[in-house]
Each structure stands twice: as structure tokens, then as C-alpha cells.
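To start, the structure itself, in C-alpha cells.
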Amino acid sequence: MKSAVLVFPGINRERDLARAFEVVSGVKSHMVWHTETELPDVDVVAIPGGFSYGDYLRCGAIAARSPIVDAVRRHAERGGYVLGICNGFQIVTEIGLLPGALMRNASLKFVCKEVRLRVDNATTAFTSAYAPGQVIRCPIAHGEGNYFADAETLARLEGEGRVVFRYCDAEGRTTDAADPNGSINHIAGILNERGNVLGMMPHPENLIESLQGGIDGRGLFESLAKVA
Amino acid sequence: MKARVTVTLKNGVLDPQGKAIQGALKSLGFAGVDDVRQGKLIELDLATSDRAAAEAEVTAMCEKLLANTVIENYRIELV
Amino acid sequence: MKARVTVTLKNGVLDPQGKAIQGALKSLGFAGVDDVRQGKLIELDLATSDRAAAEAEVTAMCEKLLANTVIENYRIELV
Amino acid sequence: MLRNDIPITPELVAEHGLKPDEYQRILDLIGREPTLTELGIFSAMWNEHCSYKSSKKWLKTLPTKGERVLIGPGENAGVVDIGDGQAVVFKMESHNHPSYIEPYQGATTGVGGILRDVFTMGARPIAAMNALRFGEPTHPKTHHIVSGVVAGVGGYGNSFGVPTVGGEVNFHRRYNGNCLVNAFAAGLLDADKIFLSEAKGVGMPVVYLGSKTGRDGIHGASMASAEFDDNSAEKRPTVQVGDPFAEKLLLEASLELMASGAVIAIQDMGAAGLTCSAVEMGAKGNLGLELNLDAVPCREPGMTAYEMMLSESQERMLMVLHPHLEQQAEAIFRKWGLDFAIVGQTTDTLRFVVKHHGEVMADLPIKDLGDQAPEYDRPWVEPKKLPVLDPAATRAPEDYRQALLDLLGSPNLSSRRWVWEQYDHLIQGNTVQRPGGDAAVVRVERPNGGKAKGLGFTCDVTPRYVEADPYEGGKQAIAESWRNLNAVGSRPIAVTDNLNFGNPERPEIMGQFVAALRGLGEACRALDMPIVSGNVSLYNETNGVAILPTPAIGAVGLMDDVTKTVGIAFDRDEDVVVLIGDTIGWMGQSSYLYELFGIEEGAPPPVDLAIEKKTGDFVRDAVIAGRLTAAHDLSDGGLLVALAEMAMAGKTGARILLPELDMPLHAFLFGEDQARYVVTASPAEASKLIVDAAMAGVPATAIGAVGGDALVIGEHLNVAVADLRDRHESWFPGYMSGV
Ligand SMILES: Nc1ncnc2c1ncn2[C@@H]1O[C@H](COP(=O)(O)OP(=O)(O)O)[C@@H](O)[C@H]1O
Ligand SMILES: [Mg+2]
């Protein structure tokens with residue numbers, strides 16, 4: 001699997017993400033600086049977590065206007081995979097590759113902890129290594145992960161099975177208590193129509209080795225490695 | 001010439017900050033606050049003094065960057 | 001009655017947000033933006049329709065919660 | 001705007017925090033009246049914060065050397081060898097006064113400052129901690145300060161991208177008027193690539209990097225050394241604002257620049273910004289330095305030399321660069337969108353010359369600015385010893401279950417989850433022991449592969465002990481950090497200290513300082529934990545009420561194989577619970593008396609360093625040998641609280657069988673005797689462990705077995721782990737959800 005990890009000023013989980021790609025696929029990622037206008041020849045373009053441009057103005061807003069973004073758009077149009085995690089998810093929605101927006105957590109606080117996610121669509125290129133409905137552990141670390149979309153968009157996302165991950169409790173129940181940020185329908189990750197762009201707030205890249213406390217995050221990278 | 005841009009959430013978009021402020025005001029003993037919405041204020045110092053040009057320019061800035069028109073409205077005042 | 005509170009940083013206080021927006025506007029090709037400052041806008045729906053009472057009430061809210069008067073100024077408009 | 005050549009009146013001198021005799025010293029040194037800018041420079045260099053004038057004499061008594069110590073105190077941070085050509089760089093620093101005035105920004109700039117200290121040496125930050133002390137929860141300011149400080153620590157560290165893996169939070173009325181915000185940061189570098197502040201070579205360009213200079217924090221360094229009174233609010237507009245985004249860029253740009261070979265010397269602009277950094281670079285290198293302020297990137301128009309020299313705008317660096325690599329250096333900074341300006345050069349005159357608009361604003365002997373700073377041997381009195389409490393004379397609880405629940409639900413012993421969940425403690429993917437246990441453990445990959453090492457990090461001090469007996473309390477702070485590191489299986493290798501005290505001009509306070517340092521020094525020597533960096537914060541006093549003496553310790557331990565660490569959680573049914581160390585039931589200054597009855601009486605528990613050493617070595621070896629399934633040191637709240645913490649962490653109970661006691665039960669359960677741990681091991685392993693302990697001269701007793709969903713202590717207590725968790729987890733969120 002050939003991957004590129006985009007680096008914007010203020011991004012800070014680029015090493016974590018590149019490490020996950022390397023641990024799972026054995027291949028080093030290309031690190032691509034935001035001022036580039038072309039991507040290397042890769043299967044997956046990954047946009048990591050962090051605080052691009054300090055997350056000033058709006059999370060991901062300034063990064064989404066960077067020179068590299070046109071190339072990301074073209075990559076997606078060609079059917080290439082795009083993975084946006086945390087700030088990456090925010091950037092991908094600001095680019096418009098995914099619908100909706102990420103707002104301040106309902107608690108108004110940054111939250112870092114391990115949550116549970118239910119894999120609500122295990123047929124995607126990003127999740128095929130998981131079982132349908134499987135409950136996995138996954139760390140989160142964000143202040144603005146409260147997913148919002150208008151009713152119509154939401155109905156489409158739900159109707160087309162594009163809600164891939166949902167916050168849940170250990171038994172897989174989606175409850176307010178198990179939702180760390182107040183996301184609508186407890187959404188943690190969504191897919192675009194074509195199925196090649198995934199955005200998610202949690203950080204599977206921080207749970208891929210037993211030393212980190214578990215390996216539940218591996219499945220996502222293994223899924224990609226199967227198709228790419 | 002100065003421009004003041006106010007960016008507010010569209011109706012129907014959840015506003016966690018506004019809600020939190022409302023709750024905090026209530027627990028501080030301020031009764032009678034029916035609703036609170038929080039927005040952004042962006043003040044720009046522009047080199048130009050041509051109103052029409054400034055208006056067009058700032059509108060373009062809002063559309064391209066300052067507001068996320070999926071969830072936000074903006075309003076421009078020139079001063 | 002509605003109140004609009006704008007909260008802005010005091011003069012001389014560093015405004016990282018404004019700085020970042022200015023930089024972004026520049027790299028998007030908007031020339032001639034000399035300065036950008038970011039502030040907050042808070043819109044309140046008040047139950048009262050007594051102007052004087054509202055004014056006093058909102059001032060107290062600003063002092064106690066809405067503005068950080070160590071580094072911020074606020075302005076109240078009743079509408 | 002103040003002119004540079006105004007007459008220097010006694011009032012002006014006093015406003016600059018200089019005493020008349022200190023001003024006379026300035027006149028004697030330079031042989032004329034200083035200009036205003038010069039006065040400002042002296043006030044910055046000679047205030048307590050920068051000159052350590054009250055503490056220097058005593059700091060010199062601390063042990064700072066050791067086999068692993070590459071760089072001790074005196075640089076931006078200490079550097080300790082961890083093998084494989086790698087070194088850990090760390091330091092702790094206070095931002096107390098600014099945090100009281102503006103909690104959010106005070107905390108952010110505190111975190112920013114300590115991170116800068118670490119990466120200025122060439123290290124990439126890998127861990128942060130924060131030791132926080134607040135007033136009583138019921139004090140009207142406390143809630144606001146807690147929420148602002150915690151948000152600020154998180155706001156900066158999270159955005160910068162360093163995992164905040166540990167810390168401490170205390171509440172006590174003696175912090176009502178002065179909170180303490182002590183930030184720790186550690187970074188990793190190659191031991192042969194350490195960068196220092198010493199300038200080398202004449203005519204080398206002095207380069208300014210990072211954010212622009214504004215009027216932030218002018219007099220900030222002086223403020224940090226001034227006692228508060230009710231007018232302090234007026235000092236507010238000098239508040240500095242942190243910009244973690246700029247700091248992250250500064251980190252990446254600085255490391256890239258260092259790797260390029262262009263950097264001769266580097267110094268971050270911290271307290272007293274440009275003044276301190278420039279003087280230090282020149283003086284350390286035995287060189288003069290000339291600054292041209294016209295080139296300094298300013299955020300505001302019309303800034304005077306005085307303001308530029310004293311500004312504490314954040315996220316700035318000063319470097320001396322190789323002249324032929326200047327352009328390359330500039331390109332790196334431009335790439336990261338940061339300001340870059342040549343603002344001066346090194347000279348051979350040993351003068352510190354500041355020019356602005358073609359005029360000389362200051363011309364001072366550079367070495368004297370540091371070397372000739374006043375140094376005081378302040379009068380001090382030996383603290384009085386308190387009587388030892390007879391455990392039998394202390395109150396027993398009416399109901400053990402209730403007493404335990406109340407302790408776990410108290411402000412000081414309740415879970416800090418509300419705090420550390422606001423900190424990204426997982427970023428970088430190396431956090432092996434997360435917050436909530438004894439010490440955090442962070443993985444360190446070896447440069448050439450192979451099994452990964454680990455670093456343990458902990459923050460400790462029990463201020464009530466230090467207040468009651470500064471000497472024993474000082475020892476205890478080191479001993480507790482030693483225990484926390486051992487419990488996770490890391491060998492303690494070095495410490496940093498943050499010495500927070502009241503007004504040193506009062507002999508009782510100075511006496512606390514002297515005695516505490518004697519204790520710290522003695523413990524560090526006995527446990528082979530040299531002090532490699534630190535910070536002193538004095539004058540933490542408001543209206544004559546001083547804080548509890550708080551020598552906060554940040555300690556670092558090393559693991560050869562990070563996979564060998566254990567946590568505190570009861571893990572496996574049938575495991576045997578073993579109490580290690582001697583218990584006599586020390587009740588003086590115990591959390592039990594303080595949290596449940598508000599009693600702060602008696603001498604605190606004494607620390608026998610030889611026993612600490614023997615016990616700690618034994619426990620650590622057992623962890624590393626893989627013999628234990630859990631280990632936890634005993635501290636606040638004694639044995640019962642430790643057992644409860646292990647039960648809560650593992651969501652598993654235990655059944656404890658009381659041994660024969662020659663002390664009251666509550667003294668056994670809640671006493672805070674030192675040098676103790678609770679460990680668990682399989683039954684077979686536990687038997688062997690107890691035998692080995694006996695051979696090593698370490699007391700070890702099997703006291704029960706893991707299992708069930710309740711913590712059961714003989715006939716005296718039976719409480720569901722879920723109830724324990726409920727009380728333990730609810731105080732903090734409950735308190736903070738009020739406004
Ligand atoms: N301010 C803080 N930031 C991060 N972690 C904290 C903070 N305060 C406490 N913790 C964590 O909570 C746990 C318990 O703290 P404490 O009771 O002080 O530990 P100990 O008694 O072992 O020194 C530790 O893991 C500690 O690192
Ligand atoms: Mg401990």
C-alpha cells in the first residue's frame with residue numbers, strides 16, 4: 001500500500017499516522033508538504049490530526065485552502081482513497097469532499113480518552129477487516145468533533161449506509177453517555193458517496209500495538225492494505 | 001477603510017457554545033435569557049477606500065474563507 | 001428584546017487568530033489587507049423589554065462571564 | 001512615551017523593584033546614572049526570577065552531578081544520558097503569578113515557556129506534566145482559576161502536540177491568594193547534538209526568530225517576583241497571550257535549522273525576553289553583543305527600546321548563526337512562516353550595546369549584568385519541630401466504609417480524570433502507562449532498532465508535610481518520586497525541582513527554604529537522583545499569607561525494556577496482595593486527619609533513606625523480572641486508599657485479612673508510613689517474593705487476595721468497587737459543573 005501523509009503547518013499527528021501505515025503495510029509513507037501541487041503516485045492520501053493553522057478561524061478551514069488540496073480533489077475524483085482523521089476529517093469536510101461540519105464538543109472541552117466505536121458498515125474499503133457491528137476500542141483527542149449535518153444530508157448518509165463508525169458503549173449501544181462530543185446520531189466517521197473518502201474523529205493510528213494498550217485500530221489500515 | 005464581518009450560525013444549526021453560555025448565565029442567577037447564540041466578529045483593515053471594491057472583495061473573502069456557508073451566514077459592514 | 005454583545009481583544013493584546021486569518025487571506029491572493037482582528041459576537045434574547053434594565057443586566061453578564069476583562073473589551077447594542 | 005534620558009528618581013528605581021542599595025551597586029558598576037533602558041535591563045537581570053539572588057547560595061548545595069548527567073543546572077534544561085547515544089532533556093518551571101491574574105493565558109504561556117526551554121537544546125518534546133495547587137474549593141476564585149488553568153495547559157500542549165502524561169492537583173486554603181502552576185517538559189535528543197546558549201566567534205550574526213515583539217508582559221519578570229496586594233489587578237494589561245501554533249512552527253523550524261548545521265548558539269526568549277537571552281549568550285561566550293533594535297520585528301508601531309528590551313512576547317528565539325549559512329537559515333524560517341531578522345552581532349568588547357534609531361540606548365558591561373547581580377545570604381531561622389502524634393490518641397472513624405468513601409471523594413484524593421482527560425496524553429503513540437497510575441511511562445525507540453526503552457515520569461511533593469517539617473518534607477518529596485518511578489519498573493535517574501515559597505525576606509520562610517533544600521539534597525544523594533535543572537519561585541504571598549512551602553519535584557526514570565512495566569490495577573483473581581515495607585501507623589499530617597477532620601497536626605512521617613533505597617530497589621527489580629502483576633506505592637491516605645485505587649483501576653475487588661496489629665486499626669489502614677508499596681503476584685510467585693524480601697531485609701507480608709467485586713477488609717469494611725469508583729470519580733466533575 002502506497003500512502004501519502006499530508007503535512008500542514010500545525011498538524012501534529014503526522015508521525016503517528018505514518019507509523020501506522022508502516023507498521024501495518026511495511027511501506028513508508030510519503031510526507032507531503034502543503035505547498036506542493038502534485039501528489040506522489042499513491043493509493044491512499046491521509047490527512048492527519050492536529051491543529052492546522054492553530055485551528056484558528058474554524059478547524060481545518062485554512063488548511064482546506066492550501067495548494068495541495070486541488071491534487072487531493074483530483075486524487076479522489078480518480079477513485080483514489082482519502083482518509084481524514086480528526087483535524088483531517090475537519091479539513092476534508094471544509095474541502096467539501098464530505099458533507100456536514102464539525103462543531104465544538106457539546107461539553108465545550110477538549111477530550112482525550114478511549115471510547116468504543118461500532119462498525120456500522122464493514123463493507124467499505126476502510127473497514128472490511130472488521131466484522132459488521134463489531135465494537136472496537138479507539139482513542140479520541142479533540143475539542144471540535146461534534147458532527148453536524150442538516151436533516152436531508154443526514155437522511156442520505158443513514159440511508160446509504162455511509163455512517164461507518166458510531167460512538168457506543170461496551171455492548172454496542174449508542175447512548176448519549178457513550179457519545180463524547182454530542183455528535184448527531186452519535187456519528188464518529190462517515191464515507192462519501194463513492195466510498196473512497198472516509199472522515200473520522202477517533203484515532204485508530206494510536207491503537208495499533210499492544211504496548212499502546214490494544215490493537216483495535218489496526219483493522220482500518222489492514223482493510224486499506226487489502227484493497228491498495 | 002475598515003470592514004466588520006459578523007459570522008453567525010444558520011438557523012437550525014446546533015450551537016453548543018451558545019447553549020453553554022445560556023446555562024452558565026442561568027446558574028449565575030441571570031434569569032430571563034431565552035436564547036443565546038454565539039458568532040464570530042472579524043475586523044479587517046483594508047488598504048482601499050473604494051466602497052464598492054471593498055464590498056466585493058470582502059464578500060469574496062467570506063465566500064472563500066471567512067464563513068463556512070454550509071452552516072454559517074455572514075454579514076458585512078463597511079465603516 | 002435582543003442584545004448583541006461584541007467582545008474584542010484590547011489594543012496591544014496578541015491576536016493569534018487574527019494573524020492566522022490575515023496570513024490565509026494573503027495566500028488566497030487577497031492583497032491590501034493591512035490588519036485582521038478576531039472577536040466574538042454573542043446574541044442574547046432577553047425576556048424583558050425595559051431598555052435600562054436590559055442594559056444593566058447585560059453589562060453585569062459581560063463583567064461576570066461574557067468577556068474576560070483582563071484582556072478583552074466589550075460593547076453592548078440593544079435591538 | 002518615556003524618553004531614554006529622563007532622570008532616574010528613587011521612585012523610578014523602586015518601581016523597577018530595585019532596592020536603594022542595589023541601585024547604588026549599579027551606579028558603582030557603571031560609574032554614571034543609567035539611562036531608562038539600562039535601568040530596565042538591570043531590573044530584569046537582577047530581579048529574583050532571573051538572578052536567583054536569595055536562593056543561589058543554597059542551590060549550590062544541591063547534588064547536580066552523576067554518571068549520567070551530561071548537562072546540569074545553568075542551561076535551559078538538564079540533559080541526562082539514557083544510553084544508545086540518546087539523552088533526555090527536562091525541566092520544570094513555574095508560572096504562578098501570571099496564572100492567578102489570567103488563569104488561561106498564564107497557564108498557556110507557562111507550558112509554552114517550558115517546551116521552548118526543552119527544544120532550544122535541540123530536543124523534540126516527548127512528554128509534559130503539570131503540578132497545580134489551588135486554594136480551597138469553596139474560595140470564590142478557585143473554580144475560575146482551576147477551569148482556566150486546566151483549559152490553558154491543555155489548550156497549549158494539545159495544539160503543540162506533546163502528550164501531557166502526568167501531574168498533581170492539590171487544594172489548600174494557603175493557596176487562596178496564590179495558585180501554583182508548575183509545568184514540566186521532557187524531550188529527546190542525540191547526546192552528541194546538544195545545543196547551548198554560549199555564543200562563539202566575533203562578528204557573528206545574532207538572529208531573531210519566531211513571533212513579533214509586542215508590549216506583552218513588560219515587567220512580567222518583575223511581576224513574577226513581587227508580592228501581591230489588593231491592587232495587583234491593576235497590573236493586568238501586561239498579560240501575555242500564548243500562541244501554540246506559532247510555537248509548533250518554531251519547534252519544527254528550530255530543529256530543522258539545528259540539523260542544517262547553521263546554529264552556533266541558541267537561546268529562547270523567556271522571562272525578560274531579549275535582554276536575558278542576549279546577555280546570557282554574550283556573557284557565557286565571553287563576548288560582547290550589539291543589538292540594533294531597528295531590525296526587531298514589532299507587532300505594534302512606536303515601540304521604544306525600553307519596551308523591546310523588556311517585552312515578554314512569547315514564541316521567540318535568539319540565535320547566533322554561521323554567517324555563510326544565514327540564507328539557508330532564513331529560507332527554513334520563511335518556509336515555516338516565521339519572522340527572521342538579523343538584529344545584531346557578537347563583538348570582542350564585552351559590552352552589551354543596544355542601539356535604536358542610530359542612538360545608543362544602553363551600553364553596559366555584559367558580564368557584570370549577570371555576575372555582579374546581588375546575592376543575598378538572607379537571615380533564616382530553623383523551623384520548629386512538631387511533636388509526634390500518638391496514633392492511639394487520634395480519632396478512629398465511626399464507620400470505615402464511610403471514611404474510605406469520604407476520603408476517595410475528597411478534593412485532594414479524588415480522581416483527576418476531569419483534568420487529564422482534557423490533555424492529549426496519547427499523541428505520539430508512545431504512552432505506555434497513561435495518567436491515573438503512579439508514574440507515566442513513555443516508550444523510547446532505540447536508534448538502531450531492538451527492543452524499545454522506556455522513560456518514567458512523575459511529579460511529587462506533599463506541601464502539608466513540608467510545612468510541618470521542611471527538612472523531612474523535602475526528603476519525602478524526593479522519596480515519593482523515587483517510589484512512583486520504581487513502582488512502574490523504571491530506575492530513577494534524575495530530577496528537576498520547582499521551589500515555590502513565600503517571601504524570602506522573612507526569616508521563617510527562608511528557614512523553610514533552607515531546611516527543605518537540605519532534605520531534598522540529602523535524599524537526592526542517598527537515592528542517586530541528581531538535580532539537573534529547576535526553577536525558584538519566591539514571594540508567593542498575598543497580604544502576608546504565604547503558600548505552603550512547595551518544592552515540587554519532577555522525576556525521570558529509565559527502563560531498559562519498556563514492556564516490563566506494570567500498572568496499579570488488580571488484574572487477576574487469586575493473585576496475592578503483598579504489603580511491602582514497615583507500618584507503625586504514622587498519623588501526623590495524614591490525609592485521613594486532614595480530609596476527614598480538617599486536622600493538620602503533628603510531625604509528618606519521617607523518611608529513612610536507606611530503607612527507601614533498599615525497598616525501592618527490591619520492588620523495581622521484582623517488576624523488571626516480571627514477577628509482579630501490579631505495583632503501587634503508598635502515599636496520601638495510606639494502605640486503604642492504595643488498595644482502593646488498585647481495586648478501582650482494575651474494576652476488581654480484593655479480600656484483605658488483617659494481620660495481628662499492635663496499633664489502632666485506623667492507624668494501620670490510614671497511616672502514612674513511608675517506604676511502602678502494595679504489589680500483587682501469583683500465589684506461587686508471592687511466596688517466593690516474600691522469602692526473597694526477607695533475605696534482602698525488606699519487610700513483606702501477604703495481606704490478602706485479589707477477586708470479587710468488593711474491597712473487603714476483614715470484618716471492618718465491605719464496599720463494592722463500583723461504589724468506590726462512583727465516589728472517586730464524581731468530586732471533580734461535580735465541583736467543576738457548578739459555575
Ligand atoms: N494535573 C495533572 N495532569 C495530569 N495528570 C495528573 C494531574 N494530576 C494528577 N494526575 C495524574 O493522576 C494520578 C494520580 O495522581 P497522584 O495522586 O498525585 O499520584 P501519586 O500519589 O502516585 O503521586 C497520576 O497518574 C497523576 O499523574
Ligand atoms: Mg503513587
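Computation of the quantities below employed the complete heavy-atom set of this structure, encompassing side-chain atoms and omitting hydrogens, waters and symmetry-equivalent molecules. Proteins come first, then strands; the chains are lettered A, B, ... in the order of their sequence lines, and each starts at number 1.
The CG atom of Leu66(B) sits 8.0 Å away from the CZ atom of Phe30(C) when rounded to the nearest 0.5 Å. With rounding to the nearest 0.5 Å, the separation of CD in Gln22(C) from CD1 in Ile42(B) is 12.5 Å. Atom CG of Leu28(B) is separated from atom CE of Met61(C) by 9.5 Å, given to the nearest 0.5 angstrom.
In the displayed structure, Asp34(C) atom CG is contacted under 6.0 Å by more than 12 heavy atoms of other residues, nucleotides or ligands.
For the set Asp35(B), Val33(B), Thr8(B), the entry with the most heavy-atom pairs within less than 4.5 Å of chain C is Asp35(B). Ranked by heavy-atom pairs under 4.5 Å with chain B, the first of Val7(C), Val36(C), Leu41(C) is Leu41(C). Most heavy-atom pairs under 4.5 Å with chain C: of the set Asp45(B), Leu25(B), Leu65(B), this distinction falls to Asp45(B). Of the listed residues Arg37(C), Gln17(C), Gln38(C), Lys2(C), the one with more heavy-atom pairs under 4.5 angstrom with chain B than any other is Arg37(C).
Within the 4.5 angstrom heavy-atom criterion, atoms from both the backbone and the side chain of Ala60(B) approach chain C.
Residue pairs meeting the side chain to side chain donor-acceptor pair (under 3.5 Å) criterion with at least one partner in residues 46-65 of chain C, sequence neighbours excluded, are Glu63(C)-Tyr74(C).
Taking all atoms of both residues into account, the shortest heavy-atom contact from Thr6(C) to Arg4(B) is CG2-NH2, 4.0 Å.
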